[in-house]
Amino acid sequence: MKHPYGKILIPFIAMVVASTAWAAGAHDGGHHDKKMEKPMVGQPGKAKNVDRTVAITMMDNYFEPESVSVKPGETIRFTVKNEGALVHEFNIATAAMHEAHQEEMQMMVEHGVIKGDRIDEQAMKMDMGDGHTMSHDHANSVLLEPGQSGEIIWKFSKPAELEFACNVPGHYQAGMYGDIEFK
Amino acid sequence: MMKQWIVALAGGMLSLAASAGEYNLTVDRVQIDTGDFVKEGIGYNGASPGPVLRLKEGEDVTINVTNNLDEMTSIHWHGLILPYQQDGVPGISYAGIKPGETFTYQFPIVQAGTYWFHSHSGFQEPNGAYGAIVIEPKGREPFRYDRDYVVQLTDKHPHSGDRIMRNLKMSADYYNRQQQTVGDFFAEADEKGFVATLEDRLMWGDMRMMKADIEDVQGFTALINGKGPEQNWTGLFEPGERIRLRFINSSAMTYFDIRIPGLEMTVVQADGNNVQPVNVDEFRIGVAETYDVIVRIKDEKAYTIFAESMGRSGFGRATLAPKPGMTAAVPEMREAPLLTMADMAGHMDHGGMDHGGMDHGGADQSDMGKAIMDHGSMNHGDMAGMDHSAMSMSGGDASDPFYAAGSGLMPKAANGGKFLSYADLKAQNPLYEHREATREIEMRLTGNMERYEWSINGVKYEDADPVVLQYGERVRFKFVNETMMTHPMHLHGMWSILDVGEGKWNPVKHVISVSPATTVYMETEVDAPGQWAFHCHLSYHAASGMFRKIVVEGGPDSEVAERTQKGQQGGES
């Protein structure tokens with residue numbers, strides 16, 4: 001399948017912990033919580049430190065596999081392929097962070113950035129009024145059109161309640177999430 | 001209830017690729033206790049609603065239906081794709097099932113999802129003859145949930161279906177309890193002025209309609225899985241679980257607005273076909289539609305499933321609870337909506353109106369009340385030649401394009417949040433390649449409320465020729481609702497692809513609800529030879545003429561379509 005945008009990997013905005021936007025009032029919404037701080041979720045990893053690779057397939061609307069085991073301190077390269085017919089996200093965070101992020105994804109749909117089976121790059125560059133656009137560069141997520149592949153390298157830290165999830169509106173609620181189990 | 005099912009797997013071998021299931025259903029006289037009244041009715045395997053029929057995609061089913069009544073019966077498998085002889089409509093599919101006889105249905109299950117079954121004879125369905133069908137897909141469900149429940153609604157009336165039909169024929173407003181009274185008149189006159197109020201009343205009177213004519217059969221008790229609001233059907237869950245609720249509206253006449261205060265619902269399926277998930281606070285379910293939603297309950301408390309009828313003449317209530325007996329608050333019903341001039345716009349004979357006095361271009365349909373209309377010349381039966389395009393109901397302040405702008409029926413979520421619209425429904429996996437329709441067929445939904453006659457293109461079923469379709473074509477149906485009632489249109493045997501403007505993502509349904517004064521399009525891939533029913537699924541509308549036989553000519557089995565089976569009564573609802 002050929003896509004007009006070619007092979008793009010769109011690291012995503014949002015509720016990523018390190019983001020300054022996270023602390024901003026607009027995103028606060030009662031979700032801000034000490035537990036969500038970076039050390040718990042982990043951090044972007046370096047390619048040279050990758051311990052192993054985990055392949056994730058996106059389907060409509062679920063992931064295969066639906067759980068991944070990790071060890072504290074492990075760095076994992078997630079290779080993600082969207083084999084569904086709709087746009088999907090792969091995002092590592094806590095359930096509460098995903099929930100907060102879903103509001104932003106809803107906004108992206110309302111603004112025409114995500115259109116079912118494609119991503120509108122132009123709309124993504126739109127100024128959201130607070131100096132941010134919808135295309136932030138964050139390492140804990142990828143947003144993929146059907147047929148696209150992407151990857152993220154993530155270094156896990158202490159055991160925490162983490163999930164990988166697709167926060168495109170409705171997808172998480174319908175069951176497009178997986179558990180990250182610390183061994 | 002499931003114990004009454006005899007399930008025989010072919011040769012007892014579970015590992016066989018194509019499984020075959022045999023099921024037995026009896027059609028029985030039963031007692032129906034709504035909590036408000038006890039009424040004799042009709043059920044399956046000794047109860048109403050009948051059992052939940054759990055099937056598997058790919059299975060070949062044999063269903064033995066034994067008629068224990070002293071009258072003819074039939075079962076229609078609503079929404080299932082099957083050979084037309086198995087569709088269960090007396091006079092179209094077959095002759096029906098005589099008293100004391102057993103009819104054996106045999107057909108392959110070629111789909112998955114939530115459906116239902118009901119009698120298609122007389123008023124047996126409103127009298128209780130309905131049950132649910134749940135079909136497990138061949139592959140995995142594209143969702144995750146920990147448990148699922150059927151939530152089947154109906155509008156049980158203390159009068160039998162025959163009696164209701166007689167009363168409606170005698171006086172169409174027989175069951176309209178929300179008629180405006182003399183007291184209302186003076187209250188409104190105080191507010192709007194005497195002349196304006198009088199004019200308003202005269203206008204509605206001339207149309208033989210009441211502003212409150214949203215539900216023509218009031219006085220029912222809404223049941224959920226056979227339980228009245230006080231009897232409170234309860235589904236149990238463990239906190240943290242995701243629960244799939246399979247809503248089925250098996251009502252004779254009633255649309256419901258459904259919400260679960262405190263919970264967001266994610267709609268994942270409509271009429272048995274998966275849709276791209278939509279998070280909503282509330283949704284409206286038309287008669288004969290199904291919607292599957294997933295909810296997640298994190299806390300250990302009870303939640304009320306609250307289903308208000310669209311005209312607010314009754315409500316269904318059930319509970320999701322972590323422990324038996326736990327309940328949650330039951331909301332008050334909201335105020336009954338009133339139809340507006342926008343809802344009657346499709347009802348008027350444009351030829352007899354003073355167009356100069358009406359601003360067709362403007363979105364403000366409420367101003368239409370000031371127009372001077374020649375009511376005397378309104379001719380409901382002969383409305384051909386109306387320029388529907390001049391009455392564009394889209395745009396304006398409409399928040400849902402599937403309602404006339406300014407419609408009194410425009411839904412609003414009780415919590416101010418998201419109310420599902422047809423416009424939100426997009427197919428998850430389109431069933432058909434998208435292509436241009438080969439032709440368009442206009443179906444004007446017409447009626448004479450005063451005589452309680454309902455029709456299509458002004459012609460009642462008994463006077464109408466069948467609609468002939470050719471196997472292999474893709475027909476675009478244009479529904480123009482020229483009445484002030486909402487009609488859930490149901491095509492048997494083939495899918496109804498609702499045009500929501502999304503091309504290949506248009507959702508695939510089996511019931512298309514058409515609001516007053518709106519035009520709605522659906523397309524059908526004509527891929528099922530034989531003869532089929534097509535009708536409004538409001539029981540008393542179908543029975544009084546809003547019904548057609550569809551004949552599909554050609555196809556792999558072309559001679560069967562020619563052999564017209566004569567039943568004693570064509571197309572019973």
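Naming convention: chains lettered A, B, ... in sequence-line order (proteins, then strands); numbering from 1 in each chain.
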(message) Heavy atom to heavy atom, less than 4.5 Å: which residues from residues 415-431 of chain B reach chain A?
(response)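 Listed by number: Gln428(B), Asn429(B).
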Under 4.5 Å, heavy atom to heavy atom, which residues of [range] contact chain B?
| range | answer |
| --- | --- |
| residues 72-83 of chain A | none |
| residues 51-58 of chain A | none |
| residues 168-183 of chain A | Pro169(A), Gly170(A), His171(A), Tyr172(A), Gln173(A), Ala174(A), Gly175(A), Tyr177(A), Gly178(A), Asp179(A) |

(message) At a 4.5 Å cut-off on heavy atoms, which part of Glu502(B) comes close to chain A: side chain, backbone, both, or neither?
(response)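 Answer is neither: Glu502(B) stays 4.5 Å or more from chain A.
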Looking at chain A, which one of [options] has the largest number of heavy-atom pairs inside 4.5 Å, strictly under?
| options | answer |
| --- | --- |
| Asn279(B), Val268(B), Thr266(B) | Asn279(B) |
| Arg144(B), Arg296(B), Glu141(B) | Arg144(B) |
| Met265(B), Arg244(B), Arg242(B) | Arg242(B) |

(message) Any salt bridge linking Arg140(B) with Glu64(A)? Criterion: basic side-chain nitrogen under 4.0 Å from a carboxylate oxygen.
(response)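 The answer is no: the pair does not qualify as a salt bridge.
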(message) Please determine whether a side-chain nitrogen of the Lys or Arg among Glu99(A) and Lys298(B) lies less than 4.0 Å from a carboxylate oxygen of the Asp or Glu.
(response)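 Salt bridge: yes.
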(request) For Glu110(A), look at atom CD and say whether over 12 heavy atoms of other residues, nucleotides or ligands are found less than 6.0 Å away. (result)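 More than 12 heavy atoms, drawn from other residues, nucleotides or ligands, come within 6.0 Å of this atom.
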